[in-house]
Asks: 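Mind looking over this structure? Questions follow.
Below, chain A is the first sequence line, B the second, and so on; all start at residue 1.
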Protein chains: 2
Amino acid sequence: MNQKPTLKVLAEKLQLSTSTVSKALKDSAEISIDTKTRVKELAKLMGYRPNTAAASLRNRETRTIAVVLPEIVNDFFGQVLMGIEEEASQHNYKIVICISNESYIKERDYIEMFSNGAVDGFIIAASMETQELNQYEHYNDILNSDLKLVMFDRVIDDLDCDKIIVDDAASGSRLVDFLKKKGDRNLCVASTISKLSVGQLREKGIRLKVDNCPDLKLEYVLEDEDDIFMKKMEETLTSKKTDAIIALDQRSGIMALNKAKELDIKVPEQLQIICYSNSTMAKYSYPQLTVVDQHSKELGKKTFTRILNLMKNKDEVQVTRIHTLKTTLLERGTTRK
Amino acid sequence: MNQKPTLKVLAEKLQLSTSTVSKALKDSAEISIDTKTRVKELAKLMGYRPNTAAASLRNRETRTIAVVLPEIVNDFFGQVLMGIEEEASQHNYKIVICISNESYIKERDYIEMFSNGAVDGFIIAASMETQELNQYEHYNDILNSDLKLVMFDRVIDDLDCDKIIVDDAASGSRLVDFLKKKGDRNLCVASTISKLSVGQLREKGIRLKVDNCPDLKLEYVLEDEDDIFMKKMEETLTSKKTDAIIALDQRSGIMALNKAKELDIKVPEQLQIICYSNSTMAKYSYPQLTVVDQHSKELGKKTFTRILNLMKNKDEVQVTRIHTLKTTLLERGTTRK
DNA sequence: ATGAAAGCGCTAACAT
DNA sequence: ATGTTAGCGCTTTCAT
C-alpha cells in the first residue's frame, strides 16, 4: 500500500511550494532549470502521477471521450473502435465505451449519464432503433451543450454535426459496373440491414445504376431473420437465374454463400458474390468472400482526429464537415478473375 | 449552450445552503420531506447532474474500471466485454477500454496511465507477450496499491489475485470422451494459440485423457501462421487417417473445416470437428461448427461482479478466489448425432 | 524564481 | 432541520 504522492508531498520533501512544483513539472519558463531537474527527479523516483479527477475539476476537461456503439461483437465496429482507441491513446485520451445494443433508450441514457463533465465529447454510431424512430433529440442535447459530437457510419442526415462516412451510394454503383463487365445481367441485392441508413444508401446506389442499364435486372432478398432469409434466398436462387449477389452486410453475404453451397451452385463460376465489410468471417469463408473494404480502422482514426480538432479549436467557428472515405473492392474467391 | 447547474446554483435559487441541497438529493434523513421534494423538483427541472470529477476527488472513488483486452476484433473478448459493460452500467459504473494488442509494453503503459486515481480497478486478460515473457511485475504494482484487480481467461498462475476462468482442462478431457463414444480413434489437436495458457490447459486435458485410453491416438497441428497451418493440416489429413479434430480456437477450427472441404473430406461423416469458442464465424460456417460454448457474456458479468465485491468490501479481509465456469458442448453440424 | 491564495464542485463533520 | 466550514489535488493569478 504505497501511498500515491501528491504535489503537496513532493513540495514538502523539496521544501518548495506546491505551485512551484506544479509549474516545474509543466516545464514552465518561470522556474529555474535546477529546480525543474530536482522536482522531476523526485517525481519520477516517487512515481508521481497527477490526479486525474483534480485536474479535470480544475481544467474543465476530462481528456475522455464516450464512444457509443450499437454492438461490439461485430468486426466493423470492433475495427473502428481499434482505430479510435489507438489514436486516442496516442493523444493521451481515454475512451469509455457504451454499448447501446441497438436500443434508443440505452443510447439516450448513456448520453445523459455522461453529459455532466464526465467526458469532453461523444463519438456515436446511431442504434437501429434510433434510425427507425428517427428520433434524435438526445443528439441535439449534446450539440446544445459545450460537448463535442462526431457521428460515423450510421449517421442522421438532418443533424448538423460532424460526420465520417464511407461512399456507400457511390460504391454500390461501382459494384454494378464491376459485375456488368464480368458479363452478369441478373443481379440480386441481399440485406439484413435494410432498416439502416447505410443499407439504404448502398441499395440506392445500386438501384440507380441498374435503372440506367436497360440490360440489367435486379432482385431483392431483404430480411433480417436468418431462417426466413435463407428461405427467400433459396427461392430466388432456384427460380430466377441470378448471376450475382451483392450482399449489403456480412451476415447476408455469408448466408448467401452457404445457400449456394447447399444448392450445389458453383461459386464464383455460376454465381458471383460480393459482400460489404471486410470481416474475419469473410476472410475465413470458403471460398474467401470478395468484399467491399471500408477501411474501418482508418475510419476510426479519422473520427477521433475530427473530434480532437473540435476540442482543440474551441473558440474558432467550426465548419461542420462531412468526411467521406473511399471504399475499395477486395477481389477474392467469390468473384471471377 | 445552457450552462450546467451546480449545487451552488440550485442552493441559491432555493435559498438553501449547498450542503442541504446535497443531502436532500441523497435522501438524507436529516432533511425534511418538504425540502427534499422542492430540491429534487428543481434539480430535475434544471437537469442537474452531479459533476463526476468533483465527486471522484472528494469521495476517492471514480466508479470506473479499466478493462485491458488483448484484442477487440474477437468474438470471445467482445462477448465478455458486453457482459462486463452490461453489469457495470447496471451498477452505474463506467468502463474505460484499453487494447493491449497482445503487447506487454502497451499493457504496462495502460496500467501505469490509469494507476493515478483515474479508475478504481482493473479487469485484465493477459496479452500473449505477457504470457510468453511470464513477466507480471505490472500486475503486482496494482496489487500493491489500493486498486482492485480481477483477471479472466488469460490469467497468470503464480499471481495471487482473483481470477475468473473456464474449465479448460476438464472440458478437453470431456471432448475426448465424447469423440471416443462416437467411435473415433485417431484424434488431432489443432491450435493457433499454443503460446497461451488457455491453449496449453485445453491441450493438457486432452492429452492426459488420451494417455489413459490405449486405443486412442493423438496428432498435433500447432501453428499460428494461416498458410503454414493449412499446409500442416493438409499433410495430417492426407497421410494420417484422422477421425476427428479438436480445434483449440476458432481460427484453427474454421481453417480445419475449410481444408476438409478442399480435400473433399465429408464433414461430419468422415471427419468430425469440434472447436473452442462459440463465435459468429462458427455459427455461420457451413456446416455449422460444433463448439465448446464458454458462456463468454456470463463470464464477463461474473468478472465484473467479482471486482464490484472487492470494491464494496474494502476493509474486510478478502479471500482470493479462483472462479471456474463450466463450459458446454454445443452439438451442431460438424459432429454426428 | 518562488510562493500565497483562491477556487473548480462536491461531501461530511461539526455547529446551530 | 439547516448551515458553516474545511478540504479532496490541482492550476493559475497575482504578489514578492
Side-chain angles (χ1 to χ4, degrees), chain A residues 2-40 42-43 46-64 92 114-120 145-146, chain B residues 3-40 42-43 46-64 92 114-120 145-146 314:
Chain A
N2 45 14
Q3 211 36 53
K4 269 171 269 301
T6 65
L7 282 187
K8 201 171 147 195
V9 174
L10 292 185
E12 275 163 11
K13 295 230 183 215
L14 291 164
Q15 300 276 64
L16 289 168
S17 73
T18 58
S19 59
T20 305
V21 175
S22 170
K23 286 171 189 166
L25 287 172
K26 292 218 136 46
D27 251 330
S28 156
E30 292 179 28
I31 307 297
S32 72
I33 308 276
D34 186 50
T35 308
K36 280 188 199 169
T37 336
R38 283 175 59 223
V39 170
K40 285 182 189 166
L42 185 67
M46 299 189 64
Y48 169 77
R49 312 242 69 212
N51 179 307
T52 357
S56 295
L57 183 55
R58 172 69 224 219
N59 299 335
R60 275 103 203 309
E61 67 157 21
T62 60
R63 295 192 83 82
T64 304
N92 204 22
F114 287 107
S115 292
N116 55 351
V119 301
D120 299 337
S145 73
D146 45 5
Chain B
Q3 211 37 54
K4 269 170 269 303
T6 63
L7 282 187
K8 203 172 146 193
V9 174
L10 293 184
E12 277 163 10
K13 295 231 181 215
L14 291 164
Q15 300 277 63
L16 288 168
S17 73
T18 58
S19 65
T20 304
V21 175
S22 169
K23 286 171 190 166
L25 287 171
K26 294 213 136 47
D27 250 332
S28 158
E30 293 179 27
I31 308 295
S32 71
I33 309 275
D34 185 52
T35 308
K36 279 189 201 170
T37 334
R38 285 176 57 223
V39 170
K40 284 183 190 165
L42 185 66
M46 300 189 66
Y48 169 76
R49 312 243 70 214
N51 178 306
T52 357
S56 296
L57 184 56
R58 172 70 223 216
N59 300 333
R60 272 102 207 308
E61 67 158 19
T62 59
R63 294 192 86 79
T64 304
N92 203 23
F114 287 107
S115 291
N116 55 351
V119 300
D120 298 338
S145 74
D146 45 5
K314 274 186 193 122

Asks: Please check the phosphate of C:dC10 (OP1 and OP2 only) for any side-chain N or O of B:S22 closer than 4.0 Å.
Replies: no
Asks: Just how far, in rounded Å, is C1' of D:dT13 from CD of A:E30?
Replies: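 To the nearest whole Å, that distance equals 10 Å.
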Asks: Looking at every strand, decide which applies to A:T6 at a 4.0 Å heavy-atom threshold: base, sugar-phosphate, or nothing.
Replies: sugar-phosphate
Asks: Step through the shown structure and confirm whether more than 12 heavy atoms of other residues, nucleotides or ligands are within 6.0 Å of NZ on A:K40.
Replies: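 Atom NZ in A:K40 is packed in, count exceeds 12.
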Asks: Is a donor-acceptor pair below 3.5 Å formed from side chain A:K4 to base D:dG9, judging by atom type as modelled?
Replies: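 Result: no qualifying N/O pair found.
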Asks: Between A:L57 and B:A53, what is the shortest heavy-atom contact and its length?
Replies: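 Result for this residue pair: N-CB, 3.8 Å.
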Asks: So, does A:K8 get its side chain near the phosphate of D:dC10, meaning an N or O under 4.0 Å from OP1 or OP2?
Replies: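 The answer is no; no side-chain N or O of A:K8 sits under 4.0 Å from OP1 or OP2.
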Asks: Quick one: on DNA chain C, does B:S19 or B:A53 contact a more 5' nucleotide (nearest heavy atom)?
Replies: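 Nearest-nucleotide comparison on DNA chain C picks B:A53.
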Asks: Find the distance B:L7:CG to C:dC8:C1' and express it as a whole number of Å.
Replies: 13 Å
Asks: Using a cut-off of 4.0 Å on non-hydrogen atoms, how would the nucleic acid contact of A:A11 be classed: base, sugar-phosphate, or nothing?
Replies: nothing
Asks: Given atom CG of A:L25 and atom C1' of D:dC10, what is their separation to the nearest angstrom?
Replies: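 About 11 Å, once rounded to whole Å.
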Asks: Measure the distance from NZ on B:K23 to P on C:dA15 and round it to the nearest whole Å.
Replies: 13 Å
Asks: With a 4.0 Å limit, can you tell me whether B:S17 has a side-chain N or O closer than that to the phosphate oxygens OP1/OP2 of D:dG3?
Replies: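 Yes, such a contact exists.
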Asks: Counting N and O atoms only, with roles assigned by atom type, does the side chain of A:R63 sit under 3.5 Å from a partner on the main chain of A:N92, one being a donor and the other an acceptor?
Replies: yes
Asks: Would you mind classifying the nucleic acid contact of A:T35 as base, sugar-phosphate or nothing, using non-hydrogen atoms under 4.0 angstrom?
Replies: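 Sugar-phosphate: the residue A:T35, judged by heavy atoms under 4.0 Å, touches backbone atoms but no base.
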Asks: Using a cut-off of less than 4.0 Å, is there contact between a side-chain N or O of A:Y48 and OP1 or OP2 of D:dG9?
Replies: no
Asks: Using atom CZ of B:R58 as one end and atom C1' of C:dA12 as the other, report the distance to the nearest whole Å.
Replies: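 Nearest whole value for this atom pair: 5 Å.
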Asks: Calculate the interatomic distance between A:I33 atom CD1 and C:dT2 atom C1'; express it in whole Å.
Replies: 15 Å
Asks: Whole Å only: how far is the CG atom of A:L57 from the C1' atom of C:dC8?
Replies: 4 Å
Asks: Between the side chain of A:K36 and the main-chain N/O of A:S28, is any donor-acceptor distance below 3.5 Å?
Replies: yes
Asks: Rounded to the nearest 0.5 Å, what's the gap from OG1 on A:T52 to CG on A:N59? Could you check?
Replies: 11.5 Å
Asks: Reckon B:A29 touches a base, only the sugar-phosphate, or nothing at all at heavy-atom distances under 4.0 Å?
Replies: sugar-phosphate
Asks: For the side chain of B:L16, counting heavy atoms from C-beta on, which of D:dT2, C:dG3, D:dC10 is nearest?
Replies: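 Nearest nucleotide to the side chain: D:dT2.
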Asks: How long is the line joining CG of B:N59 and P of D:dC8, in whole Å?
Replies: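 Nearest whole value for this atom pair: 14 Å.
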